Amino acid sequence: MSAQREMKEKNPWHMPVTIIITVIGVIAIVALVTVAVLQNRPLPQKYKYGIVLDAGSSHTALYIYEWPAEKDNNTGRAEQKHSCKVKGPGISSYASAPLKAGESLRACMQEAEQWVPERRHRETPLYLGATAGMRLLNMENSTASDGVFRAVEGALQKAPFSFQGARILSGQEEGAFGWVTVNYLDDRLKQGLETTGALDLGGASTQISFISDKFDGSESQSNSVAFRLYGNDYNLYTHSFLCYGKDQALRLTLAHQTQSGPNLISDPCFNPGYSSTKNYSAIYDSPCVSNRKPQGAPLSFIQEGKGNFLQCQEVVKNVFNFTHCKYSQCSFNGVFQPLLQGPFGAFSAYYFVMNFLNLTDTTIPLETVKQKLASYCATPWSQIMQQHPDVKVKYLAEYCFSGTYILTLLTEGYNFTSESYSDIKFIKKIKGSDAGWTLGYMLNLTNMIPAEAPDSPPLPHAGYVSIVTIMAILLLILFIISLRPLWPRCSKQPQIV
Ligand SMILES: Nc1nc2c(ncn2[C@@H]2O[C@H](COP(=O)(O)OP(=O)(O)OP(=O)(O)O)[C@@H](O)[C@H]2O)c(=O)[nH]1
Ligand SMILES: [Ca+2]
């Protein structure tokens with residue numbers, strides 16, 4: 001018994017003071033680590049929303065974007081949460097019944113109310129941007145286009161969101177914001193990486209936008225857009241060709257083929273066996289072709305498909321004018337274009353058409369792509385209809401023309417070659433968000449892309465936690481070592497007999 005007491009007296013770990021100090025030390029270090037880690041833990045995410053209506057020439061689409069509320073101009077990326085396709089044609093088609101343009105938006109606006117949490121409704125900005133269809137209507141009849149805007153504004157003001165206005169985008173804006181969207185979604189802007197050019201093919205206009213080392217904006221200022229984004233300067237080349245969207249381009253080729261006013265045209269851009277009666281006025285009812293309507297033309301004509309790709313390509317080439325260029329180099333119609341510099345993302349109708357034709361793989365040589373398209377064009381119309389009973393007949397009938405137009409625009413118009421063709425990627429979405437001008441437009445209007453690179457914490461959260469933990473463990477070891485004088489001696493244990 002006395003030996004045990006003697007051992008206890010010699011072993012300071014059995015002294016209450018030492019035990020209390022050790023316990024307090026351990027508790028203090030655990031508390032320090034816990035507070036440091038919890039204090040800096042990322043907060044539970046809250047989201048903000050933005051809504052953009054893309055009032056295109058052929059249809060209107062609504063896009064809802066979402067981004068983390070705490071990080072809107074820092075590390076969080078805005079993403080598409082939902083999209084809604086408005087039923088019916090584009091708003092420019094409602095020139096004679098403008099109220100219907102407003103009504104047509106109702107179903108998608110109601111969907112938006114469901115998708116955006118109610119407590120965020122009032123602060124969510126809502127924009128409507130109109131493109132080439134309204135540009136053409138405004139040129140043709142500005143009173144009618146004002147009427148359409150009044151009607152859609154009336155409808156959008158009724159929504160519970162913060163309506164920021166409806167306007168026509170310039171072709172430059174449309175091209176530039178498409179480029180911003182593609183590069184933002186690919187995280188190329190923040191990281192200052194090489195950028196991707198943007199090719200957008202709509203119904204009434206088409207845009208090409210890219211950065212070229214050879215372009216500083218001096219040769220054609222109207223094609224230049226300067227940006228400073230995340231601390232990098234960009235001098236973007238962009239051009240929008242009004243009337244060169246695929247629906248207006250079809251009118252241009254039909255206008256070319258009906259110049260002599262026949263009532264039967266044998267059209268190489270439609271499948272053999274296809275036949276349709278079309279009204280002259282329907283073709284020429286657009287400022288893109290209205291001045292070419294032949295005098296004394298009959299009311300209608302019959303269009304019969306011939307299905308010949310090479311001849312179709314010749315007809316399509318006629319819509320491009322290569323005769324004059326006052327710059328060092330041009331694409332077509334006397335428009336300046338610097339040397340192409342890839343890669344490129346091609347979206348909207350580029351994607352719809354090439355995807356239908358199974359031609360989105362650009363590693364296939366251009367010659368093979370042309371052969372495949374030639375074979376599609378030569379396929380009888382009855383067989384095409386049989387193979388695709390679910391595809392809208394209007395779309396189905398036009399794929400031979402549209403495919404030929406796309407290849408001709410890219411190669412003859414923009415000067416892509418057999419080599420540079422593989423720089424193009426036909427895309428619909430990037431990381432779940434549709435490629436198009438709407439996201440870039442919203443990012444710009446909400447100032448979500450800062451001109452300068454944002455300051456970021458020197459360490460990510462995981463790195464911070466690791467360092468705090470390692471330091472705490474080191475402190476604990478130091479603390480234990482500092483108690484060394486109080487450690488028990490390594491003397492022989494007394495024998496208890
Ligand atoms: N095949 C096919 N064509 C489509 C589809 N959606 C739209 N299109 C057609 O593709 C063309 C371009 O469509 P969009 O990109 O929506 O054009 P838009 O925005 O209305 O027209 P712009 O104002 O000129 O930009 C039009 O001729 C449409 O009719 C689709 O799902 N499949
Ligand atoms: Ca469009």
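Atoms within each ligand, like the ligands themselves, are counted from 1 in listed order. Predicted model only: the values in this text are computed from it and were never measured.
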Engineer: Distance to 0.1 Å, residue and atom name: give those for the protein heavy atom nearest to atom 1 (N) of ligand 1.
Structural biologist: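 Answer for atom 1 (N) of ligand 1: Y399 OH, 2.4 Å.
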Engineer: Considering non-hydrogen atoms of the protein only, which is the closest contact for atom 24 (O) of ligand 1, and what is the distance?
Structural biologist: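 Ranking protein heavy atoms by distance from atom 24 (O) of ligand 1, first comes A204 N, 2.8 Å.
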Engineer: More than 12 heavy atoms of other residues, nucleotides or ligands under 6.0 Å from CG of L299: is that the case?
Structural biologist: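 No, CG of L299 has 12 or fewer neighbouring heavy atoms, counting only those of other groups under 6.0 Å.
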Engineer: Can the SG atoms of C400 and C269 be said to lie under 2.5 Å from each other?
Structural biologist: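 No, because the SG atoms of C400 and C269 are not under 2.5 Å apart, which misses the disulfide cut-off.
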Engineer: Quick test: of every protein heavy atom, which one is nearest to atom 15 (O) of ligand 1, and how far off is it to 0.1 Å?
Structural biologist: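 Looking only at protein heavy atoms, the one closest to atom 15 (O) of ligand 1 is S348 CB, 3.2 Å.
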Engineer: With backbone taken as N, CA, C and O and side chain as the heavy atoms from C-beta onward, which portion of F356 lies under 4.0 Å from ligand 1: side chain, backbone, both, or neither?
Structural biologist: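 The answer is neither.
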Engineer: Work out whether the distance between some heavy atom of V353 and some atom of ligand 1 is less than 4.0 Å.
Structural biologist: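 So V353 does not count as touching ligand 1.
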Engineer: Nearest 0.5 Å, please: how far is CG in N235 from OG1 in T238?
Structural biologist: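 Those atoms lie 12.0 Å apart.
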Engineer: Does K431 NZ have over 12 foreign heavy atoms under 6.0 Å away?
Structural biologist: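 Result for NZ/K431: enclosed.
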Engineer: Which protein heavy atom lies closest to atom 13 (O) of ligand 1, and at what distance to 0.1 Å?
Structural biologist: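 For atom 13 (O) of ligand 1, the nearest protein heavy atom comes out as S58 OG, 3.7 Å.
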Engineer: Looking only at protein heavy atoms, which one is nearest to atom 16 (O) of ligand 1, and what is the separation?
Structural biologist: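 Here the nearest protein heavy atom works out to H59 CE1, 2.9 Å.
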Engineer: Please confirm whether the backbone N or O of S281 pairs with a side-chain atom of D285, one donor and one acceptor, at under 3.5 Å?
Structural biologist: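 No, D285 side chain to S281 backbone: no donor-acceptor pair under 3.5 Å.
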Engineer: Checking a contact table here: which protein heavy atom is nearest atom 17 (O) of ligand 1, and how many Å away?
Structural biologist: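 Of every protein heavy atom, G203 N, 3.2 Å lies nearest to atom 17 (O) of ligand 1.
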Engineer: Is it true that a side-chain atom of S170 and a backbone atom of E173 form a donor plus acceptor pair closer than 3.5 Å?
Structural biologist: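 Yes; judged by distance alone, with no hydrogens or angles, the pair exists.
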Engineer: Report the C-alpha separation of F336 and F215 in whole Å, then their side-chain angles, then the decisive distance to 0.1 Å, and conclude whether the ring-ring contact (aromatic ring centres under 6.0 Å, His included) test is met.
Structural biologist: CA-CA 11 Å; F336 169 71; F215 180 65; 5.8 Å; yes
Engineer: What atoms in ligand 1 come closer than 4.0 Å to a heavy atom of A349?
Structural biologist: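 By the 4.0 Å cutoff, the relevant atoms are 10 (O), 11 (C), 12 (C).
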Engineer: Could you check whether any heavy atom of G245 sits closer than 4.0 Å to an atom of ligand 1, since that is the contact criterion I want to use?
Structural biologist: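 No heavy atom of G245 comes that close to ligand 1.
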Engineer: Is the gap between the ring centers of Y237 and H239 under 6.0 Å?
Structural biologist: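 No, too far apart.
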Engineer: Given F352, F347, Y244, which has its nearest heavy atom closest to atom 4 (C) of ligand 1?
Structural biologist: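 The residue whose heavy atom sits nearest atom 4 (C) of ligand 1 is F352.
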Engineer: Assess the cysteine pair C325 / C330: is their SG-SG separation shorter than 2.5 Å?
Structural biologist: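 Yes, disulfide present: SG-SG under 2.5 Å.
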Engineer: Could you find the nearest protein heavy atom to atom 27 (O) of ligand 1 and give me its residue, atom name and distance?
Structural biologist: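 Answer, as residue, atom name and distance: D247 OD1, 2.7 Å.
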Engineer: I'd like to know if E174 contacts ligand 1, where contact means a heavy-atom distance under 4.0 Å to any ligand atom.
Structural biologist: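 It does; at least one heavy atom falls under 4.0 Å.
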Engineer: Please report which non-hydrogen protein atom sits nearest to atom 32 (N) of ligand 1, along with the residue it belongs to and the distance in Å to one decimal place.
Structural biologist: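 Going by distance alone, atom 32 (N) of ligand 1 is nearest to Y395 CE1, 3.6 Å.
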Engineer: Can you tell me which portion of L201 lies within the under-4.0 Å heavy-atom range of ligand 1? Options are side chain, backbone, both, or neither.
Structural biologist: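 It is the backbone that gets close, since no side chain atom is under 4.0 Å.
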Engineer: Nearest heavy atom to atom 12 (C) of ligand 1 wins, so pick from S205, G56, G202.
Structural biologist: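 Checking each option, the heavy atom nearest atom 12 (C) of ligand 1 is found in G202.
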Engineer: Polar-atom distance check: K246 versus ligand 1, any N or O pair below 3.5 Å?
Structural biologist: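 So ligand 1 has an N or O lying under 3.5 Å from an N or O of K246.
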Engineer: Is it the side chain, the backbone, both or neither of K392 that has a heavy atom closer than 4.0 Å to ligand 1?
Structural biologist: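 For K392, no heavy atom sits under 4.0 Å from ligand 1.
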Engineer: Is the ring pair F320/Y244 parallel, tilted or perpendicular, if the boundaries are 30 and 60 degrees?
Structural biologist: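 Rings of F320 and Y244: parallel, under 30°.
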Engineer: Do F332 and F241 have their ring centres less than 6.0 Å from each other?
Structural biologist: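 Close enough - the centres of the two rings lie under 6.0 Å apart.
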Engineer: Please report whether ligand 1 has a polar contact with T131, defined as an N or O pair separated by less than 3.5 Å (distance criterion only).
Structural biologist: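 Among all N and O atoms of T131, at least one is under 3.5 Å from an N or O of ligand 1.
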Engineer: Minimum heavy-atom separation for P380 and N271, please, with both atom names.
Structural biologist: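 Of all heavy-atom pairs spanning P380 and N271, the closest is C-CB, 4.4 Å.
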